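The structure appears below as structure tokens.
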Amino acid sequence: MKKQVAIIGSGPSGICAAIYLVRGGISPVIFEKGMPGGKLPLTYKISNYPGFKEIIGADLALQMMDQLSELNVKIEYDNVKEVIKENDKFKLITEYGEYFFDAVLIASGTQDRKLNIPGEDKFYGHGVSNCAVCDGSFFKGKPMALIGGGNSSLEEALYLTTITDKVYIIHRREEFRADPILVDRIKDNSMIILKTPYVPVEIKGENSVSSLRLQNVNTKEEEEIEVNAIFSYIGADPNTSFVEDKIKDEKGYIITNKNMETAIEGIFACGDCTQKELRQIVTAVGDGAIAATSILKYLQK
Ligand code: NAP
């Protein structure tokens, strides 16, 4: 009987692994608990993926999904709760059922962190969000703020300047973690106001967001800025709660070797959920290709 492989997650790394597995004669099943494409469709423009000088994240995601459907890769829209090794098989316990596979590839990505400040929960989904591309247009022409000094915050700030003319970036340090090219772009953009070193302390409003209270990290002085939407990009944690602790580091990232093998034979991992330095689309797809190649070798044993 043909060997069965599960891929948990349909971001770029999971998709690339699926393509390589199909080429190797395997028909993998992808498990996806949310929207296909991982963070790709939530990203404005991508300008560091070879072959595309610039491409909208959702467009690249659609092209990848199109490639998957041409290869007839099956996607189960289901949430994996547990992966249990039983002899030489793996049992996947999901929200809707139980499945058995010969190998499992974890490509479950990361989940955005919350600010944990007053007002966040009250307005989440109504002016507070982790996705400027998804929700920014609801606040067209209104002042908005992004929190964080990484690539995501700065890229999405540039997106917001296409729909409004006043965008604050709140960052807790003077130096930015984002790539220098992005830092130059936001500094050159007259619609972007940098508030550094500041942290958000409270989101205020009656029925909708009307302002954000900030605190200067050095002086501890507080001020309030008028904004109608707040997008938080303060990093992410791995989506690995269903994975055994023995293959994770202290932060929950999955530990693999250079072949994307974990310490449990038959379980592989790739992409943002793994312990690595550089989390980008280009490294995710590279991981996916390596993982699939290792899985094919493993299944031949
Ligand atoms: P990130 O790089 O981890 O940046 C998070 C930012 O939030 C940092 O500036 C951090 O400040 C700040 N922060 C963290 N906790 C905070 C808190 N409690 N309060 C206030 N600020 C806080 O996250 P990301 O921008 O989402 O990126 C995630 C990964 O995806 C990165 O590896 C990134 O390079 C990659 N990515 C790449 C691209 C691209 O290549 N085009 C685009 C998007 C994302 P500190 O700097 O002080 O720690």
Side-chain angles (χ1 to χ4, degrees), residues 9 11-13 37-61 107-121 128-134 145-160 168-187 192 194-203 212-218 220 222 225 230-239 249 251-253 270-287:
S13 63
K39 288 205 169 139
L40 208 47
L42 312 180
T43 306
Y44 174 41
K45 275 184 191 163
I46 293 150
S47 41
N48 56 354
Y49 190 68
F52 301 93
K53 271 183 247 159
E54 202 163 71
I55 183 163
I56 302 289
D59 291 343
L60 184 57
S108 48
T110 57
Q111 189 171 313
D112 295 322
R113 276 188 208 134
K114 291 187 76 177
L115 294 166
N116 289 321
I117 58 171
E120 184 180 33
D121 287 342
V128 176
S129 130
N130 296 103
C131 183
V133 169
C134 321
L146 298 105
I147 322 295
N151 280 323
S152 303
S153 174
L154 270 56
E155 272 185 357
E156 302 314 309
L158 291 171
Y159 163 67
L160 289 180
Y168 292 92
I169 296 180
I170 321 297
H171 178 39
R172 64 184 177 183
R173 290 187 295 138
E174 295 291 359
E175 301 75 32
F176 287 88
R177 184 177 290 274
D179 296 344
I181 191 170
L182 278 174
V183 178
D184 289 346
R185 277 185 203 156
I186 55 139
K187 284 186 174 168
I192 296 178
L194 300 180
K195 298 294 287 180
T196 61
Y198 278 87
V199 286
V201 285
E202 187 184 359
I203 296 165
L212 176 63
R213 202 155 56 81
L214 307 174
Q215 187 181 54
N216 184 299
V217 175
N218 296 334
K220 305 294 173 215
E222 292 195 358
I225 55 169
I230 294 158
F231 300 100
S232 157
Y233 288 102
I234 60 165
D237 296 307
N239 263 326
D249 69 10
K251 289 181 179 162
Y253 289 103
C270 61
D272 282 6
C273 68
T274 62
Q275 190 188 57
K276 64 194 278 193
E277 279 291 316
L278 190 62
R279 294 193 172 83
Q280 314 231 321
I281 305 163
V282 76
T283 60
V285 295
D287 287 357

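Indexing begins at 1, ligand by ligand and atom by atom, following the structure's order. Everything quoted here is computed from the prediction, not taken from an experiment. Just the heavy atoms: all of them, side chains too, but no hydrogens, waters or symmetry mates, feed the values below.
Looking at Y233, its side chain does come within 3.5 Å of a backbone N or O of N130 through a donor-acceptor pair.
For the pair D287 and K276, the salt-bridge criterion is met [side-chain N within less than 4.0 Å of a carboxylate O]. Ionic pairing of D237 and R113 is present here: one or more N-O contacts between side-chain nitrogen and carboxylate oxygen are shorter than 4.0 angstrom.
Among A284, S152, S153, G150, the residue whose heavy atom lies closest to atom 28 (C) of ligand 1 is S152. Closest to atom 20 (C) of ligand 1 by heavy atom, among L42, D272, I234, is I234. Which of R173, R279, R172 comes nearest to atom 36 (N) of ligand 1 through a heavy atom is settled by distance: it is R279.
Protein heavy atom nearest atom 2 (O) of ligand 1, with residue, atom name and distance: R177 CD, 3.3 Å. If you check which protein heavy atom lies closest to atom 40 (O) of ligand 1, you get N48 ND2, 2.7 Å. Looking only at protein heavy atoms, the nearest one to atom 9 (O) of ligand 1 is G149 N, 2.9 Å. Ranking the protein heavy atoms by distance from atom 34 (O) of ligand 1 puts N151 ND2, 2.9 Å first. When only non-hydrogen protein atoms are considered, atom 41 (N) of ligand 1 lies nearest to E155 OE2, 3.0 Å.
Side-chain contact check for S47 and E54: no donor-acceptor pair (N or O, by modelled atom type) lies under 3.5 Å.
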Checking disulfide (SG to SG under 2.5 Å) for the pair C273/C270: CA distance, chi angles, key distance, verdict? CA-CA 7 Å; C273 68; C270 61; over 6 Å; no
